[in-house]
**Student:** 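Following this message is one structure expressed as structure tokens.
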Amino acid sequence: MVLGFQPEMDFQRLIGWKLSEVTIDKCHVMFFFNNNRDLLNVADRFSYRSADGSSCYTYEIYGERQFLDVGAILWTAISDVEIVSRSELKLVFETGASISIFDNPRFRSWWFMPVAENGRKLWISDKDLDELTDEEIAAGAGTGQGSAGS
């Protein structure tokens with residue numbers, strides 16, 4: 001994680017987004033929302049938990065756990081977004097099921113693109129080390145400090 005999930009990124013704007021498609025390729029799992037107009041690209045891992053807890057798993061892009069079952073949340077909207085920690089963002093769907101996106105300290109492991117706001121397309125994403133300002137580096141943003149529960 002370089003910057004991780006931070007409140008100033010305003011993830012609340014995702015509430016109401018409806019998941020329309022999930023696509024897997026070699027290096028990413030892509031969650032398309034709003035009739036494929038908006039995209040959450042995950043390049044490391046995410047976890048899924050059904051509303052009743054009967055289905056729980058972690059999908060690892062570069063690991064051995066690559067089971068995927070998201071049928072229960074297709075065509076449902078995000079009802080809540082929670083920054084659990086700098087390393088975890090939780091998207092809760094209308095059904096009560098949730099997906100947690102995890103940040104990886106070694107590379108840009110997630111990004112939303114594009115996000116339409118006031119007629120403009122914005123990106124919500126982490127930064128690579130070479131994109132950090134001197135102030136962010138001085139604050140320890142690139143050190144991984146504050147992850148895993150902070």
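Residues take their numbers from the sequence shown, with the count starting at 1.
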**Student:** With sequence neighbours excluded, give me every salt bridge (Lys or Arg N to Asp or Glu O under 4.0 Å) pair touching residues 39-59.
**Tutor:**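 Checked against salt bridge (Lys or Arg N to Asp or Glu O under 4.0 Å) - neighbours excluded - no pair reaches residues 39-59.
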
**Student:** Hey, does Leu39 have a side-chain heavy atom less than 4.5 Å from the side chain of Phe33?
**Tutor:**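 A side-chain contact is absent here, since even the closest heavy-atom pair is not under 4.5 Å.
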
**Student:** What residue pairs, at least two apart or across chains, pass side-chain hydrogen bond (donor to acceptor under 3.5 Å, both in side chains) with a residue in residues 89-102?
**Tutor:**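 Of all non-adjacent pairs touching residues 89-102, those that pass side-chain hydrogen bond (donor to acceptor under 3.5 Å, both in side chains) are Glu88-Ser100.
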
**Student:** Using ring centroids (six-membered ring only for Trp), state whether Trp110 and Phe102 fall under 6.0 Å.
**Tutor:**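 Between Trp110 and Phe102, which both carry aromatic rings, the centre distance is not below 6.0 Å.
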
**Student:** Evaluate the criterion side-chain contact (heavy atoms from CB on, under 4.5 Å) for residue pair Phe31 and Asn41; output intermediate values, then yes/no.
**Tutor:** CA-CA 6 Å; Phe31 295 88; Asn41 208 338; over 6 Å; no

**Student:** Please enumerate all residues that pass side-chain contact (heavy atoms from CB on, under 4.5 Å) together with Ala43, with sequence neighbours excluded.
**Tutor:**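 side-chain contact (heavy atoms from CB on, under 4.5 Å) check on Ala43 returns His28, Phe107, Trp111.
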
**Student:** Report the residues that fulfil side chain to side chain donor-acceptor pair (under 3.5 Å) with Thr23, sequence neighbours left out, ordered by chain and then residue number.
**Tutor:**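 For Thr23 the side chain to side chain donor-acceptor pair (under 3.5 Å) partners, ignoring immediate neighbours, are Glu21.
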
**Student:** Hydrogens and angles aside, do Asp103 and Ser109 bring a side-chain donor and acceptor to less than 3.5 Å of each other?
**Tutor:**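 Present: a donor and an acceptor within the cut-off.
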
**Student:** Any side-chain heavy atom of Val92 sitting closer than 4.5 Å to one from Glu82?
**Tutor:**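 A side-chain contact under 4.5 Å is absent here.
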
**Student:** The test is side-chain contact (heavy atoms from CB on, under 4.5 Å); show your working for Trp17 and Leu40 and say whether it passes.
**Tutor:** CA-CA 11 Å; Trp17 280 23; Leu40 163 58; 5.8 Å; no

**Student:** Please confirm whether the backbone N or O of Ser55 pairs with a side-chain atom of Ser50, one donor and one acceptor, at under 3.5 Å?
**Tutor:**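 Yes; judged by distance alone, with no hydrogens or angles, the pair exists.
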
**Student:** Any luck finding a side-chain donor-acceptor pair between Asn36 and Ser20 under 3.5 Å?
**Tutor:**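 A donor-acceptor contact under 3.5 Å links the two side chains.
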
**Student:** Please list, chain by chain and in numerical order, all residues satisfying side-chain contact (heavy atoms from CB on, under 4.5 Å) with Leu74, sequence neighbours excluded.
**Tutor:**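 Result, side-chain contact (heavy atoms from CB on, under 4.5 Å) vs Leu74: Leu19, Val22.
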
**Student:** Give me the atom names and distance for the closest heavy-atom approach of Ser47 to Thr58.
**Tutor:**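 In terms of heavy atoms, the two residues are closest at CB-OG1, 3.6 Å.
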
**Student:** Restricting to pairs with a member in residues 59-96, which pass ring-ring contact (aromatic ring centres under 6.0 Å, His included), not counting sequence neighbours?
**Tutor:**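 Output for this query lists Phe46-Tyr59, Tyr57-Phe67.
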
**Student:** Scan for salt bridge (Lys or Arg N to Asp or Glu O under 4.0 Å) pairs involving residues 65-78, sequence neighbours excluded, and state none if there are none.
**Tutor:**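 Found Glu60-Arg65.
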
